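Order of listing sets the numbers, starting from 1, for every ligand and every atom in it. Model, not experiment: these values are computed from the prediction.
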Amino acid sequence: MSTVIETRNLTKIYAGGFGGQEVHALNDLNLAINSGEIFAYLGPNGSGKTTTIKMLLGLIFPTGGAIEILGTSDITSARVRRNIGYLPEGAYYPDFLRGEEILKYYGQLYGLGGAELQKRIDAVLEEVGMTNARKRLMRGYSKGMRQRIGLAQALISDPQILILDEPTTGLDPIARKEMRDILARLRDRGKTLLISSHELLEVELISNRAGILYGGVLQTLGTISELLTDRELTIEANGGTVESLATLADKGIVTEDRVGEKLKLRVAAGIDPYDALNLCRDAKLSLVNVAPRRETLEELFVRVVGEARAKERSAVS
Ligand SMILES: Nc1ncnc2c1ncn2[C@@H]1O[C@H](COP(=O)(O)OP(=O)(O)OP(=O)(O)O)[C@@H](O)[C@H]1O
Ligand SMILES: [Mg+2]
């Protein structure tokens with residue numbers, strides 16, 4: 001496993017214009033992305049994702065720190081450029097062009113031409129399942145088809161690395177599944193994918209590793225299975241009073257749902273399951289079901305961002 005993208009203390013401060021305050025968009029990012037993985041780069045709006053991506057692409061310059069891509073810090077060299085495909089968020093292509101014309105245009109930007117370019121166009125159209133629609137105008141493409149042409153565009157130079165900003169946003173469940181399958185296939189063929197997305201269910205299904213950014217600071221980093229461990233317990237039970245449930249909540253056993261007699265309780269991570277069951281007995285609950293529960297990526301995200309926000313608030317006050 002080799003590292004294809006590495007950042008060391010990567011920092012970006014935007015200068016404030018007209019007396020405005022400067023924005024610390026990214027602070028000391030240390031990140032290594034390995035070959036053949038799908039890395040999910042997550043964070044709420046304004047957390048610094050696009051800023052990072054733009055620096056990796058050489059579109060804006062870091063204020064501090066270093067970037068290495070494919071073993072070189074010369075990230076605007078032709079070799080690096082050819083090896084990074086980029087799908088911008090909400091990529092727009094002119095309505096009057098045909099799918100294949102767009103690919104031709106982008107291929108030429110990479111210095112491709114003639115039979116070689118034709119071969120690449122055929123290959124990427126096949127890759128994204130758009131061979132039959134290649135001669136249709138963009139105007140007539142659905143959102144899913146546009147997104148697939150966008151991906152084909154990112155693939156035209158046969159890059160080792162793909163950087164995709166919100167690849168599944170606005171797609172219906174079937175188009176999403178298709179996009180997911182295409183991305184997984186690309187990963188299996190050895191490509192490295194960096195995906196920025198707010199669609200955490202999608203991300204959880206396809207990525208190997210994730211990082212969560214907040215306020216320009218990387219808050220959490222790990223493989224999906226490290227991040228989402230079976231740490232919690234869900235208990236279904238009957239009974240309980242407002243008081244006894246409040247007592248349980250104080251001890252980390254929180255009522256998630258209460259319909260009549262029926263309860264669903266969540267036991268916080270770190271509480272011994274036997275202790276939890278004893279506490280439920282003390283609260284006169286009758287047990288219906290006990291199950292381990294894996295946190296979803298969405299829950300992890302909400303928790304991590306919530307904690308970072310709380311820390312920020314307490315630092316200000
Ligand atoms: N050109 C710029 N000049 C000044 N500030 C900027 C500029 N671009 C971004 N910012 C600020 O930097 C911070 C990070 O923005 P960025 O676009 O990287 O966030 P993001 O994580 O991509 O958000 P989103 O999920 O909304 O796309 C924000 O506070 C944003 O307002
Ligand atoms: Mg963004």
Side-chain angles (χ1 to χ4, degrees), residues 5-31 33 38-67 69 75-76 84-93 143 146-147 150-151 153-154 161-171 176 179 183 193-204 206-207 209-222 227 297-313 315-316:
I5 298 177
E6 190 171 5
T7 71
R8 277 188 304 278
N9 300 326
L10 188 63
T11 298
K12 179 71 187 179
I13 302 171
Y14 290 109
F18 292 113
Q21 280 198 324
E22 42 180 42
V23 179
H24 290 248
L26 193 68
N27 292 308
D28 285 327
L29 177 74
N30 289 296
L31 191 62
I33 295 173
I38 299 187
F39 183 82
Y41 197 43
L42 312 173
N45 295 129
S47 56
K49 303 180 298 293
T50 300
T51 297
T52 310
I53 289 174
K54 283 184 179 166
M55 286 194 281
L56 296 179
L57 294 167
L59 299 175
I60 57 172
F61 293 101
T63 314
I67 302 174
I69 298 178
I75 62 166
T76 54
I84 303 184
Y86 173 47
L87 174 65
E89 183 179 352
Y92 171 82
Y93 305 104
K143 224 172 191 169
R146 278 167 194 259
Q147 209 53 352
L151 184 60
Q153 167 273 117
I161 302 167
L162 280 168
I163 297 182
L164 313 172
D165 209 346
E166 299 280 343
T168 55
T169 300
L171 303 189
R176 248 169 228 225
M179 182 57 92
L183 299 182
L193 284 80
L194 173 75
I195 300 181
S196 145
S197 179
H198 294 294
E199 318 235 326
L200 302 179
L201 280 172
E202 296 297 313
V203 165
E204 189 178 334
I206 57 164
S207 39
R209 224 152 53 92
I212 301 177
L213 203 63
Y214 178 77
V217 177
L218 191 64
Q219 309 284 342
T220 304
L221 178 68
L227 295 174
L297 190 58
E298 191 164 272
E299 286 163 338
L300 174 79
F301 182 91
V302 170
R303 184 162 61 79
V304 167
V305 171
E307 284 167 7
R309 283 201 172 128
K311 215 158 82 188
E312 192 178 62
R313 271 198 299 272
V316 170

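- Considering CD of Glu6 and CG of Leu31, their distance stands at 9.0 Å, rounded to 0.5 Å.
- Looking at Glu298, its side chain never comes within 3.5 Å of a backbone N or O of Leu201 through a donor-acceptor pair.
- Inclusion of Gly48 in the set of residues having an N or O under 3.5 Å from an N or O of ligand 1 is warranted.
- Between Leu56 and Ile84 the shortest side-chain heavy-atom distance does not fall below 4.5 Å.
- At least one heavy atom of His198 sits less than 4.0 Å from an atom of ligand 1.
- For atom 25 (O) of ligand 1, the closest heavy atom belonging to the protein is Lys49 NZ, 2.7 Å.
- For atom 21 (O) of ligand 1, a protein heavy-atom neighbour is present inside the 4.0 Å cut-off.
- When the heavy-atom distances from atom 18 (O) of ligand 1 to Ile13, Thr51, Asn45, Ile53 are ranked, the shortest goes to Thr51.
- Just one residue in the list Met55, His24, Lys54 forms a side chain to side chain contact (heavy atoms under 4.5 Å, CB included) with Lys12, and that residue is Met55.
- Listing protein N, O or S atoms at distances below 2.8 Å from the Mg ion (ligand 2), with waters left out, gives Thr50 OG1.
- The single protein non-hydrogen atom nearest to atom 14 (C) of ligand 1 is Gly46 O, 3.4 Å, given as residue, atom name and distance.
- Not one N or O of Val23 is nearer than 3.5 Å to an N or O of ligand 1, by distance alone.
- Of all protein heavy atoms, the one lying nearest to atom 17 (O) of ligand 1 is Thr50 CB, 3.8 Å.
- With respect to Tyr214, the side chain to side chain donor-acceptor pair (under 3.5 Å) criterion is satisfied by exactly one of Lys311, Arg309, Gln219: Arg309.
- Of all protein heavy atoms, the one lying nearest to atom 1 (N) of ligand 1 is Tyr14 CE2, 3.7 Å.
- Looking at heavy atoms from C-beta onward, Ile53 lies in side-chain contact with Tyr86 at the 4.5 angstrom threshold.
- To the nearest 0.5 angstrom, Asp28 atom CG is 9.5 Å from Thr7 atom OG1.
- In this structure the side chain of Leu183 reaches within 4.5 angstrom of the side chain of Leu151, judged on heavy atoms.
- Between Leu164 and the options Leu193, Leu194, Ile38, a side chain to side chain contact (heavy atoms under 4.5 Å, CB included) holds for only Leu193.
- Distance check for atom 30 (C) of ligand 1: every protein heavy atom is found at 4.0 Å or beyond.
- Counting heavy-atom neighbours within 6.0 Å of Phe61 CZ, excluding the residue itself, gives a total of 12 or less.
- Near Ser47, with a cut-off below 4.0 Å to any heavy atom, the atoms of ligand 1 are 19 (O), 20 (P), 21 (O).
- Between Thr51 atom OG1 and Leu26 atom CG the span is 7.0 Å, to the nearest 0.5 Å.
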